[in-house]
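Per chain, numbering begins at 1; letters A, B, ... match sequence-line order.
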Amino acid sequence: MSSYDAIIIGAGPAGLTAGIFLSRSRIKTLILSDVIPGGQLILTHKVANYPGVENISGYQLASIMKKQAVSFGCEVKANVKIKNIELNGEKKQIILNDNTLLESDIVILTPGGRPRNLGIKGEEEFKGRGVSYCATCDGDFFTDKEIIVLGGGNSAIEEAISLTKYAKKVTIIHQFDYFQAFSYLVDEAKANRKIHFILNSTLTEIYGNETVKGVKVNNLTTNEINDLYTDGVFIFIGYVPNTDFLKGKVLLNNKNEIIVSKNMETSIKGVFAAGDCIEKEYRQITTTVGEATIAAMSATNYLYNKLRFKV
Amino acid sequence: MLYTNLKHIEKAEELKKIISENENVMVCCGRMGPMCIPVYAAMEELEKEYTHVCFYDMEFDNPEAHIIRNAPETKGFMGLPFVIYYKNGKVVKATSSIQTKEQIKEILDTYFK
């Protein structure tokens with residue numbers, strides 16, 4: 001069994017930030033991640049609104065965060081799966097898939113989220129053959145083609161604008177008659193002659209032969225379904241929290257987001273949470289980093305009070 | 001330049017030599033992008049488990065990668081990375097876009113028993 005003062009579950013910006021703050025306070029900290037460190041940050045081609053950094057790729061920013069955490073003594077174990085987690089009691093226990101037993105006084109939950117799939121006919125079948133989740137990765141395959149962007153948040157609108165560099169026509173399809181994206185982005189999209197809009201609508205099917213050739217569009221007001229020609233579908237319809245393994249362990253809301261206090265404490269003593277897994281309104285790298293700082297400082301106080309009480 | 005811990009293929013001739021000399025070969029052809037990085041990471045991990053498979057990457061924008069970009073098996077591919085699985089020098093499977101570690105394992109277990 002390996003013992004730590006703190007174990008952080010998840011190595012996105014929240015987990016890495018908590019790792020930096022805890023390790024710098026000389027708290028023996030381990031970060032666990034089921035994939036390579038960086039979380040959804042590595043899915044971001046360019047970060048332009050992180051204060052103090054003019055322009056950087058998400059991958060680079062995540063790499064720097066990891067390097068900082070490690071420089072303060074934080075351990076990072078990537079590509080590990082959790083078999084069981086026991087959060088009640090003074091000592092928290094985590095068993096990994098290879099039966100390694102880990103123990104800690106505090107746990108910080110930062111498992112993040114993952115892009116939401118549409119879950120309609122043709123989505124999986126045409127993945128990589130016209131269905132994409134990354135404009136910067138696949139945009140050049142759609143040069144002079146017609147494409148659809150599904151979604152109305154910041155990611156959808158930003159990616160639609162970015163795709164006009166390649167495609168001859170971009171149609172944004174959104175389920176509401178308004179956008180959740182920042183108004184300056186919506187204004188930029190509306191001013192772009194290559195971008196068209198279909199509102200109050202969603203997709204019910206993606207079809208084609210070797211590649212995507214069309215979609216069925218469901219008008220949510222009239223319930224009519226119409227065919228629309230397209231060469232590709234880019235899907236940006238939000239995220240779901242990676243909290244399945246926490247059901248019954250900490251208090252979650254009806255969206256499976258972790259409920260936390262203003263100090264980022266969960267319903268369980270000694271367990272804190274931050275990032276895209278928690279119940280909150282705004283999801284930015286900067287908000288996540290702030291929450292993780294609060295979680296780490298609250299956890300530090302919790303640990304010191306615990307030690308003081310023992311003495 | 002691909003910043004991975006996998007062995008890199010730089011030339012088309014090199015790929016031909018590798019698949020002629022090895023029974024099971026998996027090649028991921030991509031960039032350092034968000035859909036490609038998780039595939040490289042999964043391959044790095046699987047390399048330890050599947051010792052009978054040779055794992056390589058190749059940079060998509062390398063002109064020599066035409067051997068993968070223009071392969072008949074990748075016709076119609078519109079998502080990075082392009083991944084090709086070779087058995088005894090022949091393509092047995094090709095995928096486009098991101099794949100999970102579990103999806104890759106399923107392919108390895110099916111074609112490279």
Side-chain angles (χ1 to χ4, degrees), chain A residues 11 33-46 57-60 62-63 77-81 97-98 114-115 117 123-143 145 147 155 159 166-167 208-213 230-235, chain B residues 1-6 28-50 55 57 59-63 65 68-85 93-107:
Chain A
S33 174
D34 61 348
V35 290
I36 59 168
Q40 290 178 79
L41 184 51
I42 63 167
L43 302 180
T44 308
H45 183 64
K46 193 194 281 182
S57 77
Y59 181 70
Q60 283 175 305
S63 300
K77 274 188 202 288
N79 295 309
V80 292
K81 293 265 187 285
N97 256 8
D98 64 1
R114 59 186 182 278
N117 286 349
E123 183 182 12
E124 185 61 28
E125 183 187 348
F126 289 104
K127 188 177 83 176
R129 290 176 177 271
V131 172
S132 176
Y133 305 88
C134 177
T136 47
C137 305
D138 302 335
D140 54 354
F141 294 110
F142 296 86
T143 301
K145 293 185 183 296
I147 54 175
S155 298
E159 300 286 41
Y166 310 102
N209 37 48
E210 195 175 72
T211 58
V212 168
K213 291 292 170 217
T230 190
D231 298 300
V233 182
F234 284 76
I235 300 170
Chain B
M1 174 80 180
L2 296 175
Y3 302 97
T4 75
N5 294 313
L6 296 167
C28 180
C29 185
R31 297 175 177 141
M32 288 311 291
M35 297 290 121
C36 304
I37 291 167
V39 178
Y40 303 135
M43 289 170 73
E44 285 177 15
E45 195 179 343
L46 290 167
E47 202 166 26
K48 296 163 204 149
E49 193 179 334
Y50 289 79
F55 294 86
D57 62 32
E59 193 168 12
F60 189 81
D61 297 309
N62 176 348
I68 289 176
R69 288 196 306 266
N70 301 328
E73 294 83 3
T74 62
K75 191 174 170 239
F77 281 12
M78 302 170 94
L80 290 181
F82 291 7
V83 180
I84 301 196
Y85 299 81
K93 179 78 179 172
T95 63
S96 176
S97 192
I98 191 169
Q99 301 283 317
T100 63
K101 186 180 162 193
E102 284 67 34
Q103 287 172 314
I104 297 168
K105 274 183 83 142
E106 198 179 326
I107 295 169

Under 4.5 Å from any heavy atom of chain B - which part of A:Glu124:
side chain
Closest non-hydrogen contact found for B:Leu80 with A:Asp138 is N-OD1, 2.8 Å
Determine whether B:Lys101 and A:Lys81 make a side-chain contact, defined as any pair of heavy atoms from C-beta on separated by less than 4.5 Å.
no
Rounded at 0.5 Å granularity, tell me how far SG in A:Cys134 sits from CE in B:Met35.
5.0 Å
For A:Phe126, which atoms come within 4.5 Å of any heavy atom of chain B: side chain, backbone, both, or neither?
neither
Turns out that what part of A:Ser132 lies under 4.5 Å from chain B's heavy atoms comes down to neither
So, does A:Lys127 use its side chain to make a donor-acceptor pair with the main chain of B:Gln99 at under 3.5 Å?
no
Looking only at heavy atoms, which two atoms of B:Ser96 and A:Gly128 are closest? And how far apart?
OG-O, 2.7 Å
Ring geometry between B:Phe82 and A:Phe141 (parallel below 30°, tilted from 30 to 60°, perpendicular above 60°)
parallel
Under 6.0 Å between ring centres, would you say that holds for A:Tyr59 and B:Tyr40?
no
Any chance CD of B:Glu106 has more than 12 other-residue heavy atoms, nucleotides or ligands included, within less than 6.0 Å?
no
Please classify the contact of A:Asp140 with chain B as side chain, backbone, both or neither, using a heavy-atom distance under 4.5 Å.
side chain
